[in-house]
Q: 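To start, I am sharing the structure in question, which I have written as structure tokens.
In what follows, every chain begins at residue 1, and chains take the letters A, B, ... in the order their sequences are listed. Just so you know, these numbers come straight off a predicted model, no measurement behind them.
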2 protein chains.
Amino acid sequence: MADTGSGPGSPAPRKRADARRNQEILLEAAAAAFVASGVDAPVRDIAAKAGVGVGTIYRHFPTRADLVVAVYRHQVEACAEAGPALLADADSPHTALTRWIDLFVDFLVTKHGLAEALQSDDAAFATLHAYFLDRLVPVCAELLDAAARAGRIRSDIQALELMRAVGNLCIGAGKDPSYDARRMVGLLLAGLRLH
Amino acid sequence: MADTGSGPGSPAPRKRADARRNQEILLEAAAAAFVASGVDAPVRDIAAKAGVGVGTIYRHFPTRADLVVAVYRHQVEACAEAGPALLADADSPHTALTRWIDLFVDFLVTKHGLAEALQSDDAAFATLHAYFLDRLVPVCAELLDAAARAGRIRSDIQALELMRAVGNLCIGAGKDPSYDARRMVGLLLAGLRLH
DNA sequence: TTGCCATCCGGAACGTTGTTCCGTATCGTC
DNA sequence: GACGATACGGAACAACGTTCCGGATGGCAA
């Protein structure tokens, strides 16, 4: 899945130099295009910006989602790793959960169209969907569980469901100044509390 | 906006018979296509199902949104009219608000892709956006206001913002059995309550 | 009834997307 | 220096929304 070169000893036959260079250039061009036009920037535009043919994109990133995942992998990792850290530092599991959701929302809101793509049933985004869920749902589940055990929130909500709801609420954020996704997510979390 | 023939005495020069017939056929075909494939069923498919050329669709419904609006106008009207009725009947404004949101959610959830289209920034859906907002936001505002005055919910939420949030939460409902939009909307409303 | 013209229809054609495919160029090695 | 594996470029294809215009057709006037 667009592996940038992980564990040694793997049977990876070491790619050609131009291939590695192009992959790097593509990642930068894609990142720039995503900032400028959102995650569904036309493939041709990204290719042009990178000075590369469209075929090259598809060889390195078989689906659009692979490209998106590769571009945002670092930030998703950071978000995933922040979960346990927050749980350890915050003065309550509920605070940790709130803070973590804030992190997630910030991430989504600052990436044009990412939230949309995340919910899209377009086959091209299946990998994206899978990656986010695999990486973040367990983290969310841990936080949710801790908060539930502390008796602060209802315990009948699944992490997957909560994350989808949060992701959905982030759709369209930044396009309309009168819609504040963060506030709406805050409301959702407030609805989760027992009182 | 796809007027089906409203007030008499209007300067409407009475359309030709075949035009009126085709408009009717088109509405039925579109309704069927929307049920089968969602509101973004290919225009060509709708035309074919209606036994009509694509040009005919665009003459009657200049944009995709006009077609969608025409198909669902009755139901949107019904939803809008239910607002004041609920406010009069229910034992509290808060109950009325909850019931009305339920109605709205039911409507969105049963129409494949409607919620998605509603948030899309695609220019083709601008009319749809405008119609829903014009028609439903005032109703929601009235309910919200009544509930706020009764002191049951926070008063710092705009109707527009709430409706967008609810609409967003309905995205993707029915595709994934593990995601229950109604439940999530319930959570959001719970977060609105003062306690 | 007939004829005429405004109105409306059908579908070809255009522009934009994602995606595939293959002849050609390049890299790395022997 | 030559050769095979690898990678590249961009033409080509398919699916979509949308526009456009030659031809058909409905309604009215004579």
Side-chain angles (χ1 to χ4, degrees), chain A residues 2-5 11-27 29-30 33-34 36-68 113 116-117 120-128, chain B residues 2-5 11-27 29-30 33-34 36-68 113 116-117 120-128:
Chain A
D3 199 350
T4 41
R14 171 75 172 263
K15 284 204 275 203
R16 248 170 62 172
D18 54 347
R20 254 175 302 138
R21 185 162 34 86
N22 271 330
Q23 176 151 327
E24 207 57 36
I25 292 175
L26 271 173
L27 277 177
F34 290 171
S37 328
V39 296
D40 36 33
V43 180
R44 272 179 253 270
D45 289 2
I46 302 178
K49 200 179 297 237
V52 141
V54 283
T56 303
I57 291 197
Y58 281 95
R59 195 162 323 96
H60 286 290
F61 307 100
T63 91
R64 219 194 163 53
D66 292 315
L67 183 53
V68 177
E116 286 85 337
S120 158
D121 57 344
D122 189 333
F125 285 115
T127 321
L128 182 66
Chain B
D3 199 353
T4 41
R14 171 77 171 260
K15 285 205 275 202
R16 247 169 63 172
D18 53 347
R20 255 174 304 137
R21 184 163 35 86
N22 271 330
Q23 177 152 328
E24 208 56 39
I25 293 177
L26 234 23
L27 277 177
F34 289 171
S37 328
V39 294
D40 36 35
V43 179
R44 273 180 252 271
D45 288 3
I46 302 177
K49 199 178 299 234
V52 140
V54 283
T56 303
I57 291 198
Y58 281 96
R59 194 160 326 93
H60 286 290
F61 307 99
T63 89
R64 212 190 172 53
D66 292 316
L67 184 53
V68 177
E116 286 85 337
S120 158
D121 58 343
D122 190 332
F125 286 114
T127 321
L128 182 66

Q: Rounding to a whole Å, what distance do you find between B/I46:CD1 and D/dT18:P?
A: 11 Å

Q: To the nearest Å, how far apart are B/F61 CZ and D/dG17 P?
A: 16 Å

Q: Please encode protein proximity along nucleotides 6-18 of chain C as a string of B, S and -, counting only heavy-atom distances under 4.0 Å.
A: BBSBBBBB---BB

Q: For the side chain of B/N22 and the backbone of B/A19, is there at least one donor-acceptor N/O pair under 3.5 Å apart?
A: no

Q: Nearest 0.5 angstrom please: B/R44 CZ to B/I57 CD1, how far?
A: 10.5 Å

Q: Figure out the CD1/P separation between B/I57 and D/dT18, and round it to whole Å.
A: 11 Å

Q: At their closest point, which heavy atom of B/A124 faces which heavy atom of B/A65, and how far apart are they?
A: O-CB, 3.1 Å

Q: For the backbone of A/L128 and the side chain of A/R64, can you confirm whether one donor and one acceptor N or O come within less than 3.5 Å of each other?
A: no

Q: Contact between A/E116 and B/E116 at the side-chain level, heavy atoms closer than 4.5 Å - yes or no?
A: no

